[in-house]
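Here the structure is a predicted model, which is why all the values come from computation and not from measurement. Here is the naming used below: chain letters follow the sequence lines, and residue numbers restart at 1 for every chain.
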Number of protein chains: 2
Amino acid sequence: MVDDAARDTRRERRRGRMGEAGSESSRKPNYRSLKNPFLPQPIFSDDQVASIHDTALRVLEELGIKVLLPEAREVLARAGALVDPNTDMVRIGRDMVAAALASAPRSIHAYAGARARDLSLELGSMTFLAGSGAPNVTDLERGRRPGTLVAFEELIKLVQHFDVLHMLGPCIEPQDIDNRFRHYAVNRAQLTLSDKFPFVFARGTPQVDDSFEMIRLARGLSEDEFRSGAHCYTVINTNSPRQLDIPMAQGIIDFAKAGQVLIITPFCLAGAMAPITVAGALTLQHAEALAGLTLAQIVRPGAPVVYGSFSSNVDMKSGAPAFGTPEHVKATLGAGQLARFTGLPWRSGGGSAANVSDAQAAHETQFALWGSVLAGATVCIHAAGWLEGGLSVSLEKLVTDIEALQTVAELCAATPGDDDAIGFEAIAEVQPGGHFFSAGHTMARYRTAFYEPLVADWSNFGNWTQSGSKTATERATGIWKRTLADFTPPAAAAATSGLLDAFIARRTEEGGAAPVS
Amino acid sequence: MVDDAARDTRRERRRGRMGEAGSESSRKPNYRSLKNPFLPQPIFSDDQVASIHDTALRVLEELGIKVLLPEAREVLARAGALVDPNTDMVRIGRDMVAAALASAPRSIHAYAGARARDLSLELGSMTFLAGSGAPNVTDLERGRRPGTLVAFEELIKLVQHFDVLHMLGPCIEPQDIDNRFRHYAVNRAQLTLSDKFPFVFARGTPQVDDSFEMIRLARGLSEDEFRSGAHCYTVINTNSPRQLDIPMAQGIIDFAKAGQVLIITPFCLAGAMAPITVAGALTLQHAEALAGLTLAQIVRPGAPVVYGSFSSNVDMKSGAPAFGTPEHVKATLGAGQLARFTGLPWRSGGGSAANVSDAQAAHETQFALWGSVLAGATVCIHAAGWLEGGLSVSLEKLVTDIEALQTVAELCAATPGDDDAIGFEAIAEVQPGGHFFSAGHTMARYRTAFYEPLVADWSNFGNWTQSGSKTATERATGIWKRTLADFTPPAAAAATSGLLDAFIARRTEEGGAAPVS
């Protein structure tokens with residue numbers, strides 16, 4: 001949510017317009033900084049975890065990983081890796097990996113556009129991100145369509161509005177903007193509409209340099225100040241199995257040099273790009289993630305890296321990826337064990353393969369979510385809005401998933417268990433056959449006792465029918481529309497537009513920067 | 001699922017009719033006997049749990065519980081309780097509760113109609129039940145309507161078909177049958193269509209005696225044999241706050257005498273029938289559950305009792321009950337701590353307040369489900385199909401929820417983490433840029449590696465659109481219809497119909513048995 005004054009203003013307007021109940025609530029839960037209260041759930045024994053780690057080291061030492069970028073091969077070779085010049089295969093010794101794990105920070109302070117939006121990325125903290133990287137956007141009013149800048153900006157506004165989404169992300173690809181200039185528009189939207197921690201695509205050094213400069217301009221940072229703190233992040237995907245392509249390897253080098261956050265995520269779909277077993281997929285994932293973070297630590301010891309996991313399975317009949325399956329949950333739980341073995345902050349992946357925001361979408365999304373929660377993931381990407389295994393982001397599903405994330409956030413709050421909460425006197429006050437509605441114990445707490453739903457409708461069947469028999473997905477349309485209509489960007493963010501526009505105008509005149517592939 | 005031969009036959013028919021993929025699978029997961037692999041998640045400290053227990057004892061000792069049945073007051077008084085003849089309030093000493101907790105069994109062997117359907121009810125085991133007690137039934141073909149015997153029988157068939165539903169339950173109330181004869185029809189349906197553990201309503205001794213006799217007839221048991229094992233169960237709901245009505249108190253006495261399972265469940269909606277705090281609602285719940293199980297243990301020490309919890313919250317604006325809320329999850333986690341404090345098997349409650357099988361329904365149901373799983377509930381009632389906070393059972397939601405239950409059941413299976421599962425050789429076999437589809441490691445496992453979905457559709461958007469753009473709920477219609485069309489009752493169960501019909505004819509001639517209220 002945005003700051004209190006703006007929220008209260010909107011509440012007033014809503015109340016005036018719609019006469020909504022509940023506007024008098026004084027409940028102000030803190031969803032901005034979540035500590036995971038759940039005991040991490042293992043699926044492997046400690047010996048098995050050590051064995052997976054050891055096998056991943058063998059994979060890197062004996063089999064190696066193909067690195068397509070010459071600069072990255074040279075960096076690794078200088079640090080002791082064995083490079084086969086004919087195959088570009090790089091074999092990385094376990095001593096190199098051990099050194100990298102020793103120098104990688106256990107906790108990353110992520111600087112957002114306002115200190116109240118800063119994040120501590122470490123084991124035990126929990127952050128959620130909307131679905132990212134989708135080519136398409138969909139909603140019930142306008143249908144499913146390729147991503148545009150307008151749709152991207154709408155998603156940034158929605159992500160900004162809900163505190164339970166902790167970072168920005170490249171929710172959809174704005175394909176109406178030429179790819180030489182797209183990063184300007186995407187960064188401008190993030191920096192002027194939001195004060196949350198932004199994302200930068202690693203699509204080659206020229207675009208990355210542009211993006212870093214925009215963040216420095218927006219945040220008022222010198223180059224040295226920028227490099228001494230983490231002000232943005234990228235996601236590095238290896239090309240499983242065992243390949244690191246040119247833009248990804250370049251991204252590791254560029255972000256590590258600049259001290260910006262690298263989330264290094266193999267995408268190991270068991271049975272397709274990875275072994276069919278959960279343990280096998282995780283072994284490959286672990287090897288590839290260790291290779292990436294080793295490269296980063298060689299470039300700059302202490303560079304902020306997040307161990308990445310997004311291992312699920314495919315449908316063995318069609319090859320289609322699946323999410324929220326038992327195998328996905330297990331892989332996430334196992335990944336949590338491997339991440340804790342390394343001690344590093346780590347990311348998981350949510351999502352659903354459903355084509356529409358329905359019961360399947362909700363069930364798959366929530367299974368993936370619980371996998372992340374019980375695995376102790378620091379960063380859960382694709383936690384809201386992701387459909388079709390990432391081919392679209394749904395505005396309605398974003399809203400219904402945010403309800404689920406807010407429910408998890410509520411579970412992070414302590415449950416009072418003192419004498420006052422136990423309330424012997426309240427029980428004594430109400431006679432058999434009576435009710436607690438007017439008990440003093442109730443009156444003192446009723447405004448703030450319970451979570452107030454965002455989209456859930458608890459009215460009875462008759463009232464619900466009279467209101468149009470709308471599903472949660474249909475009701476969600478009104479919520480995202482109202483949120484967008486009421487949106488005001490944070491003043492400090494909006495104020496950066498002049499500086500950014502001048503930079504963009506100059507760089508546009510210079511021809512922009514094409515992505516590297 | 002039914003036995004293998006019948007299933008294979010139906011698979012053949014389906015394959016012939018519909019050309020479905022996947023029919024060649026040899027995957028046969030065991031969903032019949034689940035051990036919960038998850039670490040129990042606490043919300044209270046051990047001291048707080050002890051304090052809630054102690055306060056509940058104070059409630060029973062100092063405030064008491066109103067018991068409307070004279071026989072129950074007499075039983076309790078003979079055992080040392082203090083009865084106020086003017087108010088019918090019964091004060092129960094902590095010594096009586098301690099004796100009851102000492103004599104109640106830690107493990108209950110529940111005898112079903114076939115030994116393969118028997119259940120062990122104890123801490124650590126996990127069973128799921130469909131939604132129960134609804135006045136209405138709903139499906140997309142026939143709409144929402146009052147429950148009938150035909151609809152009740154359909155639900156029994158569906159529950160029988162899916163292994164992940166472990167017991168029968170009174171899913172809906174067949175209101176087209178006169179209530180003097182309804183229990184005959186309900187019991188006949190359970191005993192002739194299913195071999196799972198059956199439910200009997202505690203609606204007065206005459207109906208209970210009839211029901212026990214029908215079970216003895218169907219199972220071929222003498223009265224002594226019946227009384228020496230648990231062959232059915234009932235649910236006792238206290239009238240929170242602090243009241244035990246006539247049929248419920250009579251049910252405790254009748255079932256305890258007969259050695260049949262009592263699930264003693266206060267229904268403590270925080271803010272309405274219970275204090276507004278989670279700790280307060282659980283304190284009242286604990287007191288009432290302890291009162292009920294104490295009465296049972298006085299009647300027959302060692303009588304099989306299941307500690308019951310179904311505490312959630314209400315919407316403080318409307319008073320409407322809510323489920324799958326953060327407060328519901330927390331109450332369930334706290335109830336698990338109290339149940340483990342007693343050492344007894346215990347029940348939780350799932351469900352949703354949504355009016356239709358949509359994303360809200362799925363999210364609320366799954367939150368309630370995870371509450372139960374992470375609390376270590378032995379019996380999770382209302383885990384599938386429950387809508388409107390229990391006012392209807394949806395056949396489509398039954399199917400989509402069963403997918404969720406099957407996913408949890410899959411998580412109960414161990415995840416191999418040995419060298420063969422880790423698969424170094426498989427990783428070595430597939431070169432960078434390759435895939436694992438045809439690897440030997442994959443070929444040896446692909447038929448059985450992954451859960452096969454019941455209703456989830458993982459096809460891409462184009463194929464899904466061509467297939468009619470159906471939501472999971474819409475697809476579920478075809479699944480329940482096919483399951484009912486293909487249904488064959490277990491032969492041993494079907495064979496009991498003659499004996500039961502003769503009994504029913506005689507008792508009908510005698511006028512049946514009206515419920516006691």
What part of [X] lies closer than 4.5 angstrom to a heavy atom of chain B: side chain, backbone, both or neither?
X       : value
N239(A) : neither
V278(A) : side chain
A287(A) : neither
Q431(A) : both
S318(A) : neither
F44(A)  : side chain
I43(A)  : both
P241(A) : both
A439(A) : neither
A449(A) : both
V314(A) : both
N460(A) : backbone
E388(A) : side chain
P37(A)  : backbone

With chain A, which of [options] has the greatest number of heavy-atom pairs at distances under 4.5 Å?
options                           : answer
I65(B), D401(B), T55(B)           : T55(B)
T400(B), D315(B), N313(B)         : N313(B)
A414(B), A322(B), A354(B)         : A322(B)
A353(B), A404(B), G64(B), G389(B) : A404(B)
T415(B), D420(B), L282(B)         : T415(B)

When rounded to the nearest 0.5 Å, the distance separating CZ of F437(A) from CE of M273(B) is 8.5 Å
Output for pair (E327(B) CD, L411(A) CG), nearest 0.5 Å, gives 8.5 Å
Hey, are the side chains of Y451(B) and T325(A) touching, using non-hydrogen atoms and a 4.5 Å cut-off? no
Part of [X] within contact of chain A (heavy atom distance under 4.5 Å):
X       : result
P453(B) : neither
A361(B) : neither
L374(B) : side chain
D418(B) : backbone
P416(B) : backbone
A413(B) : both
A476(B) : neither

Specify which of [options] makes the most heavy-atom pairs with chain B at under 4.5 Å.
options                            : answer
D47(A), V59(A), T473(A)            : V59(A)
P321(A), A444(A), G434(A), G423(A) : G434(A)
L284(A), I52(A), D457(A)           : D457(A)
G433(A), P432(A), P42(A)           : P432(A)
A279(A), P326(A), A320(A), S392(A) : P326(A)
T283(A), T442(A), I422(A), T277(A) : I422(A)

For [Y], does its backbone N or O pair with a side-chain atom of [X] as donor and acceptor, under 3.5 Å?
X       : Y       : result
N355(A) : S459(B) : yes
Q41(A)  : L39(B)  : yes
R144(B) : F461(A) : no
E403(B) : Q360(A) : no

Test side chain to side chain contact (heavy atoms under 4.5 Å, CB included) applied to E364(A) and W458(B), step by step: CA-CA 11 Å; E364(A) 290 180 346; W458(B) 298 335; 2.9 Å; yes
Side-chain donor-acceptor pair under 3.5 Å between Q366(A) and H363(B), yes or no? yes
Write down the atom of [X], the atom of [Y], and the distance for their closest heavy-atom approach.
X       : Y       : value
G417(B) : Q48(A)  : O-CG, 3.4 Å
F436(A) : A274(B) : CD1-N, 3.3 Å
A428(A) : L63(B)  : CA-CD1, 3.5 Å
D419(B) : S51(A)  : OD1-OG, 3.7 Å

Between W370(B) and F367(A), how do the two ring planes meet: parallel, tilted or perpendicular, split at 30° and 60°? perpendicular
Are K330(B) and E410(A) ion-paired here, with the side-chain N under 4.0 Å from a carboxylate O? no
Decide side chain to side chain contact (heavy atoms under 4.5 Å, CB included) for I427(A) and R242(B); before the verdict, give the C-alpha distance in whole Å, the side-chain angles of both, and the deciding distance to 0.1 Å. CA-CA 9 Å; I427(A) 295 173; R242(B) 294 192 287 128; 4.0 Å; yes
Which is it for I276(B) and F450(A) under the side chain to side chain contact (heavy atoms under 4.5 Å, CB included) test, yes or no, and what are the steps along the way? CA-CA 9 Å; I276(B) 194 167; F450(A) 301 142; 3.5 Å; yes
Could you give me the CA-CA distance, side-chain angles and deciding distance for D358(B) and D358(A), then say whether side chain to side chain contact (heavy atoms under 4.5 Å, CB included) is met? CA-CA 6 Å; D358(B) 63 355; D358(A) 62 355; over 6 Å; no
